[in-house]
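Report on one structure; see the data block that follows.
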Amino acid sequence: MEVEETWAGGLADAAKSLWSVDLADPRFQPLLEPPSDPKFGDAASGVAFRLAKDLRKPPRAIAEELAKAVAGLPYLERAEVAGAGYVNFRATRAFHGETILRVRAEREKFGRSPAGGGRRVLVEHCSANPTGPLHIAHGRQAAVGDALANLLDFAGYRVDREFYVNDTGGQIENLGRAILWRYLESIGTTFARETRGQDAWLVGHGFEFLEKNLYRGDYVSELAAEMKQRYGDGLAAKPDAVAICGRIGKERLLEEIRKTLEDFRVRYDTWYSQEELEKSGRVEKVVEFYRSRGLAYEKDGAQFFKSKEFGDPEDRVLVKSDGSYTYRTPDIAYHRDKFERGFETVIDLWGPDHHAHVATMEAGLRMLDIPIGTTRAFRALLVQHCRLLRGGAEVKMSKRAASYVTLRELIDEVGVDAARYFFIMRKTTSHLDFDIEVAKRQTLDNPVYYAQYAHARICGICEQGRAKGMIDPAEVRNGMWDGPFDAAHLSDGDIELVRACRGLRRAVEAGARDLDPAIVTDFVYRLSGAFQRYYQKFENTVLTPEEPLRRARLAACGAVRQTLRNALAILGVSAPERL
RNA sequence: GCCCCCGUAGCUCAACUGGAUAGAGCACCGGAUUUCUAAUCCGGUGGUUGCAGGUUCAAGUCCUGCCGGGGGUACCA
């Protein structure tokens, strides 16, 4: 049991015996909260404010009575009234000593929470079409998605990570056409540009291409070159030339996407193929289901479904008048399958352009009798745009001119750690300014190095201690001293560090609740800062000659080191022993 | 038109779901190194939280209406 629960129980007992009030009533919650400032101790209660009306007494007087009544609770050094009616709880030194022991015992599990109760969650993220290399927007989705999955795992959920491969449909066909177009160029075809209505077409060698649908970029030409090597001049004569180009193109590009994500330390449990989904008949079944329930109808030769009745602003097309599906039909079937595979919470990370799709998907799932919002949840997170800057100036990205920065290029330039940290640094739902120059800078305004430096410093202390003979190598485990210490020698500074470490669990729970790993980057930054200040306070001499103090300090530092490692691990950022 | 998101220091952002004096970093000014990594730390300047109402003991946070920015509103994905 966490100490806060014990103390909250003490408050409830006090209220019952003093005034016969049941604090379990939601009106009085929360009984304890983290203090806004470390100087207020380890937990604060604002419950006196909430009791004031019922008891018809000023909050301050209620707080006085409560503070008196809770004296003597376990691990409680003292409870004191502050402000207009807060009761601040301060833990004993022994408690903080035990926290250090707990960090040592739990090691890479310290900070985990049982909040998720082992419930199964699927996080689908990135899911870029295999029609080009990953770019910056995908990078943010992958970094956030991967960290969110780590975070939920840390918060006690059973998490699977999935990439949905859009390996069939119109975009793959467009890719095939683009490759064929470049291929034809490479074997000497010249195209005539014809304007028909609003659109421009490229005509030559018996083919015609709608110009606005052609992918550009060097990778298309590279794939065309591969086709030429493979088929010589004979490809154009094949009746399924577009399909061949599309198939080979998507295979190559998907391979590249996998490789880039792997290098970005993003792993998936499953790569789910849309093509296989369609072959399985699940898409037809969804359409049949809607029809059988009278939820679908025909209009203008297309099949609509009545999503409007289920919260969507409009009814939407499921089957186009040419008989093919819109993108949402297989997508709904896919999400139905997610729930059928046993996931209770299904989380999708989408780009902001999918905004309108959220209501449609929710409606579609409700229409399938999936109890969204009760025992099951569908959460679409719209990962907001990321503006790329270079020394304060915006890097303009134009897909047309193929001048956009790819994720690969970004990783090569700033490194995986900085890229991941920066992508996660801001709230997922907020726009993000990513300054390449700042991310590369190895100075104090780069929070990645700030945190890694704090970790490396602690490792340095341990190493120095051994070199100076102040640390017994036999007491070093997993790269950190963890010998015996006396909690009575923990200074206020040490305690502040230990207190900060305990915040990881709270950050994990808040992050899991809000589905936002940015809360963890915040935590990392605060804990690093707490350590840097602590370090400076001892004038760079944590290794004091006074052995009992030295042991206490090393113990506190060891807790910070482990906690930082755990938090950075959630973010997928490395914790090097030296920089 | 309608639907979402966002307006907090000059800039980029916090504020732990309504609580204590709205905090950090950058920038600017001034300090601290015989070090265990100065890739650090300390101090200072800087605010009518877009505007106006409302609810509350208590509002940056919740409600309403304006103003401003972004996104969406396909038989594209």
Side-chain angles (χ1 to χ4, degrees), chain A residues 30 33-37 39-40 44 46 49-50 52-53 58-59 82-86 88 127-129 131 166 169-172 174 212-213 274 299-304 312-314 316-328 330-331 351-359 382 384-385 389 392 425-427 429-433 435 438 441-450 452-454 456-465 467-468 470 503 506-507 509-511 513-514 518-519 522-523 525-526 529 531-543 557 578-579:
Chain A
E33 19 187 342
S36 55
D37 191 304
K39 74 181 179 220
F40 295 135
F49 296 108
R50 270 154 255 152
K53 198 169 222 172
Y86 280 95
N88 290 334
S127 298
N129 288 350
T131 52
N166 253 281
Q171 294 308 317
I172 297 300
N174 286 340
K212 67 176 181 189
N213 282 349
Q274 179 180 353
K299 195 178 104 183
D300 307 329
Q303 289 281 329
F304 282 70
D312 198 354
E314 297 291 340
R316 310 285 179 181
V317 175
L318 289 181
V319 186
K320 298 182 235 174
S321 51
D322 68 1
S324 64
Y325 296 121
T326 62
Y327 72 99
R328 38 179 99 84
D331 217 20
D353 53 326
H354 281 63
H355 178 84
H357 192 36
V358 179
L382 301 180
Q384 280 302 324
H385 276 135
L389 309 173
M425 196 164 50
R426 301 294 175 225
K427 242 187 318 214
T429 53
S430 296
H431 292 252
L432 167 70
D433 280 350
D435 196 318
V438 175
R441 213 176 288 161
Q442 306 203 339
T443 59
L444 64 157
D445 51 346
N446 186 338
V448 187
Y449 287 100
Y450 187 73
Q452 290 184 328
Y453 183 42
R457 259 188 163 165
I458 298 172
C459 298
I461 291 170
C462 188
E463 220 176 273
Q464 255 323 293
K468 287 182 178 171
M470 295 174 107
R506 207 160 52 233
E509 287 172 357
R513 182 194 62 212
D514 294 354
I519 291 169
D522 234 61
F523 172 80
Y525 187 74
R526 273 206 292 269
F531 175 76
Q532 302 280 25
R533 283 188 293 278
Y534 166 92
Y535 180 88
Q536 210 73 39
K537 205 173 73 182
F538 291 124
E539 293 174 342
N540 311 329
T541 318
V542 173
L543 293 167
C557 290
R578 63 176 58 128
L579 293 179

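Hydrogens, waters and symmetry mates are skipped; everything else that's a heavy atom, side chains included, is used. Chain A is the first sequence line, chain B the second, and so forth, proteins listed ahead of strands; every chain is numbered from 1.
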Pairing check on [N]: which nucleotide meets the Watson-Crick or G-U wobble criteria with it, both distances under 3.5 Å?
N	answer
B/U17	none
B/G7	B/C67
B/C62	B/G54
B/C75	none

- Task: For the pair A/F531 and A/Y535, name the ring-plane relationship: parallel under 30°, tilted 30 to 60°, perpendicular over 60°.
- Result: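 The rings of A/F531 and A/Y535 sit tilted, inter-plane angle from 30° to 60°.
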Starting at the 5' end of RNA chain B and moving along, which residue's nearest nucleotide shows up first, A/S324 or A/Q536?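 The residue mapped nearer the 5' terminus is A/Q536.
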Within the 4.0 Å heavy-atom criterion, would you say [X] contacts the bases, only the backbone, or no part of the nucleic acid?
X	result
A/G170	nothing
A/D300	base
A/A467	nothing
A/A52	nothing
A/F304	nothing
A/N88	base

Going 5' to 3' through nucleotides 42-47 of chain B and flagging B where a protein heavy-atom sits under 4.0 Å of the base, S where only the sugar-phosphate is that close, and - otherwise, we get S-----
A correct 5'-to-3' footprint of nucleotides 13-18 of chain B, with B, S and - meaning base, sugar-phosphate only and no protein heavy atom under 4.0 Å, is SS-BB-
For the side chain of [X], counting heavy atoms from C-beta on, which of [options] is nearest?
X	options	answer
A/A44	B/A20, B/A77, B/G71	B/A20
A/K53	B/U56, B/C41, B/G25	B/U56
A/F49	B/C41, B/C57, B/C75	B/C57

Separation between the [atom1] atoms of [N] and [M], rounded to whole Å:
N	M	atom1	value
B/G1	B/C41	P	50 Å
B/C66	B/C3	P	11 Å
B/A9	B/C4	P	26 Å
B/G53	B/C67	C1'	15 Å
B/G65	B/C28	P	44 Å
B/A24	B/G69	P	33 Å

Kindly say if A/Y525 contacts the phosphate of B/G23, meaning a side-chain N or O under 4.0 Å from OP1 or OP2.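 No.
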Fill in: Salt bridge present between A/E33 and A/R50 (N-O < 4.0 angstrom)
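Salt bridge flag = yes for A/R50 with A/E33.
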Ignoring hydrogens and angles, are the base of B/C75 and the side chain of A/S321 linked by a donor-acceptor pair under 3.5 Å?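 Yes, a donor-acceptor pair under 3.5 Å.
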- For the base of B/A39, is there a side-chain donor-acceptor partner from A/Y449 under 3.5 Å away?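 For A/Y449, whose side chain was compared with the base of B/A39, there is no donor-acceptor pair (under 3.5 Å).
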*Identify the two heavy atoms, one from A/P59 and one from A/A84, that lie closest to each other, and give their separation to 0.1 Å.*
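Scanning both residues, the minimum pair turns out to be CB-O, 3.7 Å.
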*Rounded distance (Å) that lies between atom P of B/A58 and atom CZ of A/R50*: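 A/R50 atom CZ is separated from B/A58 atom P by 15 Å.
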